[in-house]
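Since the structure comes first, as structure tokens, the remarks are kept for the end.
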Number of protein chains: 2
Amino acid sequence: MNSEFTIAVHSLVFLAYLPEHMASSDVIAKNVSTNPARIRKVMSCLRKGGFVKTKEGIGGGYILNGDPQEITLAQIYRTVACGTIKPHWCTGDPEQNCMISSNLQSVMDDIFNEADLYFEQYLNRITLSFVLERIKQNK
Amino acid sequence: MNSEFTIAVHSLVFLAYLPEHMASSDVIAKNVSTNPARIRKVMSCLRKGGFVKTKEGIGGGYILNGDPQEITLAQIYRTVACGTIKPHWCTGDPEQNCMISSNLQSVMDDIFNEADLYFEQYLNRITLSFVLERIKQNK
DNA sequence: TGTATCTGTATCATTTATGATTACAGTATC
DNA sequence: GATACTGTAATCATAAATGATACAGATACA
């Protein structure tokens with residue numbers, strides 16, 4: 001699983017939590033405990049997905065674009081980390097005569113792709129607001 | 001996701017495919033395209049889970065222990081790769097005052113743990129026989 | 001009983017993936 | 001025009017995954 005998904009969720013939940021729904025990559029990076037360039041990379045992706053708006057220049061940063069009660073983790077997953085359940089390693093060898101060796105990988109691909117859809121269905125029930133509430137409960 | 005899960009599935013499907021339901025780590029390794037030591041490590045784990053029996057010495061190897069129609073990928077997943085959906089990277093910093101930074105990780109942990117259960121439910125429908133059939137169809 | 005062949009497991013080397021750092025152009029604001 | 005942001009790429013450092021090797025222990029068989 002892609003850790004950028006976690007960073008994306010963290011950044012958006014953080015923006016939802018802030019009164020102004022806005023922060024710079026520097027501030028977000030400190031909260032997430034990583035560097036600003038990494039945050040900007042993820043946020044740039046989220047901007048293309050319509051989850052935030054960008055404001056350059058002095059006093060700029062990222063502004064949450066949408067209702068935290070409606071943005072689901074599934075949407076975020078699809079945007080920044082779709083298909084990352086599947087391991088990179090490939091099994092077997094397409095050149096071998098044995099059908100197990102030559103064909104199993106594509107069957108596993110299908111299985112992982114379908115698993116991805118189930119995973120998204122699960123994430124679809126979780127909104128930014130829900131995550132925020134859970135955090136407040138844990139407090 | 002752990003690639004050992006893929007190796008475990010491959011090895012067991014391969015055993016199910018063979019008339020004698022038996023092969024050495026050398027033969028399995030060639031089919032999977034990896035080295036025998038890696039296969040033995042995974043198989044050792046599967047043996048503890050009761051999926052195979054081991055025969056040492058000349059002409060020895062691994063023997064499938066169970067009905068391919070009843071062994072599901074969920075059982076295999078639980079045995080060799082449980083919890084590997086979660087990324088290793090940790091977000092935030094427990095020492096910070098901000099509750100988002102200090103508490104989000106545990107909420108994400110919960111989310112990933114529950115996702116793992118859903119993933120298992122999905123895998124529970126897939127048997128070794130099912131995978132074998134799909135391979136034959138792709139042939 | 002000695003030899004060959006296999007598993008079980010640990011260790012080390014190598015490759016690959018991941019994340020941090022740095023740099024700089026582009027853009028808005030004051 | 002100076003300042004403070006984003007966007008993006010390049011590079012470096014570190015961590016994780018995988019491959020390779022080695023050897024003790026177990027079994028079969030001549």
Side-chain angles (χ1 to χ4, degrees), chain A residues 1-8 10-11 15 20 22-49 51-65 79-81 83-93 105, chain B residues 1-8 10-11 15 20 22-49 51-65 79-81 83-93 105:
Chain A
M1 164 72 54
N2 202 328
S3 69
E4 296 192 352
F5 172 63
T6 301
I7 292 179
H10 190 144
S11 302
L15 289 181
E20 306 294 328
M22 167 159 187
S24 69
S25 63
D26 254 323
V27 173
I28 299 173
K30 283 200 180 89
N31 201 273
V32 171
S33 282
T34 185
N35 59 82
R38 193 144 137 84
I39 295 294
R40 289 202 289 271
K41 186 180 169 218
V42 174
M43 296 308 271
S44 174
C45 188
L46 289 175
R47 176 180 53 79
K48 286 165 190 161
F51 298 100
V52 295
K53 285 186 175 171
T54 274
K55 206 178 159 194
E56 296 189 349
I58 297 174
Y62 299 94
I63 308 161
L64 186 63
N65 185 40
T79 303
V80 305
T84 53
I85 280 186
K86 190 189 305 185
H88 304 293
W89 194 81
C90 287
T91 192
D93 172 9
Q105 182 61 52
Chain B
M1 165 71 55
N2 201 330
S3 69
E4 296 192 352
F5 171 63
T6 302
I7 292 178
H10 190 143
S11 302
L15 289 182
E20 307 292 327
M22 167 159 188
S24 70
S25 63
D26 254 324
V27 172
I28 299 174
K30 284 199 180 89
N31 201 272
V32 171
S33 282
T34 184
N35 59 81
R38 194 145 137 84
I39 294 295
R40 289 201 290 269
K41 185 180 169 218
V42 174
M43 296 308 270
S44 175
C45 188
L46 289 175
R47 176 179 53 79
K48 286 164 191 162
F51 299 99
V52 295
K53 286 187 173 169
T54 273
K55 206 179 159 194
E56 297 188 348
I58 297 175
Y62 300 94
I63 307 160
L64 186 63
N65 186 39
T79 303
V80 304
T84 52
I85 280 187
K86 190 190 305 184
H88 302 294
W89 194 80
C90 287
T91 192
D93 171 10
Q105 182 60 52

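In what follows, chains carry the letters A, B, and so on, assigned in the order in which the sequence lines appear, proteins first and then strands, with residues in each chain numbered from 1.
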Exercise. Checking B/Ser33 side chain against A/Gly92 main chain: does a donor-acceptor pair fall under 3.5 Å?
Worked result: yes

For this session: Name the nucleic acid region contacted by B/Lys48, choosing base, sugar-phosphate or nothing; use a 4.0 angstrom heavy-atom cut-off, strictly under.
Result: sugar-phosphate

For this session: May I ask you to verify if any side-chain N or O of A/Ser44 is less than 4.0 angstrom from the OP1 or OP2 atom of D/dT6?
Result: no

Problem set entry | Atom-to-atom span, NE2 of A/His88 to C1' of D/dA15 - whole angstrom | 14 Å

For this session: Find the distance B/Asp26:CG to C/dT5:C1' and express it as a whole number of Å.
Result: 10 Å

Exercise. When rounded to the nearest 0.5 angstrom, what is the spacing between OG1 in B/Thr79 and CZ in B/Phe51?
Worked result: 4.0 Å

Seminar exercise, completed: Rounded to whole Å, the CZ-C1' distance (A/Arg47 to D/dT8) equals 11 Å

Problem set entry | A/Ile39 CD1 - D/dT8 P separation (whole Å) | 16 Å

Problem set entry | Distance, rounded to the nearest Å, where A/Arg38 contributes CZ and C/dA23 contributes P | 20 Å

Exercise. Do A/Met22 and A/Leu64 come within less than 4.5 Å of each other through their side chains, counting heavy atoms only?
Worked result: no

For this session: Report yes if at least one side-chain N or O of B/Ser25 is closer than 4.0 Å to OP1 or OP2 of C/dT7; otherwise report no.
Result: yes

Problem set entry | B/S/- contact track for nucleotides 20-30 of chain D, protein heavy atom under 4.0 Å | BBB--BSBB--

Exercise. Within the structure, does a side-chain N or O atom of A/Trp89 lie under 4.0 Å from either OP1 or OP2 of D/dG19?
Worked result: yes

Problem set entry | For atom NZ of B/Lys30 and atom P of D/dG19, their distance in whole Å | 15 Å

Problem set entry | Rounded distance (Å) that lies between atom P of C/dC24 and atom NZ of A/Lys41 | 21 Å

Problem set entry | B/Ser3 side-chain N/O to D/dT18 phosphate OP1/OP2 under 4.0 Å | yes

Exercise. Given A/Gln105 and B/His10, is the side chain to side chain contact (heavy atoms under 4.5 Å, CB included) satisfied, shown in steps?
Worked result: CA-CA 9 Å; A/Gln105 182 61 52; B/His10 190 143; over 6 Å; no

Problem set entry | Full working for side chain to side chain contact (heavy atoms under 4.5 Å, CB included) between B/Cys45 and B/Lys48 | CA-CA 5 Å; B/Cys45 188; B/Lys48 286 164 191 162; 5.7 Å; no

Exercise. Tell me: NE2 of A/His10 to P of C/dG19, nearest whole Å?
Worked result: 15 Å

For this session: Report yes if at least one side-chain N or O of B/Ser24 is closer than 4.0 Å to OP1 or OP2 of C/dT5; otherwise report no.
Result: no

For this session: For residues A/Thr34 and B/Trp89, determine if any side-chain heavy atom of one lies less than 4.5 Å from a side-chain heavy atom of the other.
Result: yes

For this session: Indicate the atoms forming the closest heavy-atom contact of A/Ala29 with A/Asn35, along with that distance.
Result: CB-C, 3.7 Å

For this session: Go through D/dG7, C/dT7, C/dT9 for me and flag the one nearest to the A/Thr54 side chain.
Result: D/dG7

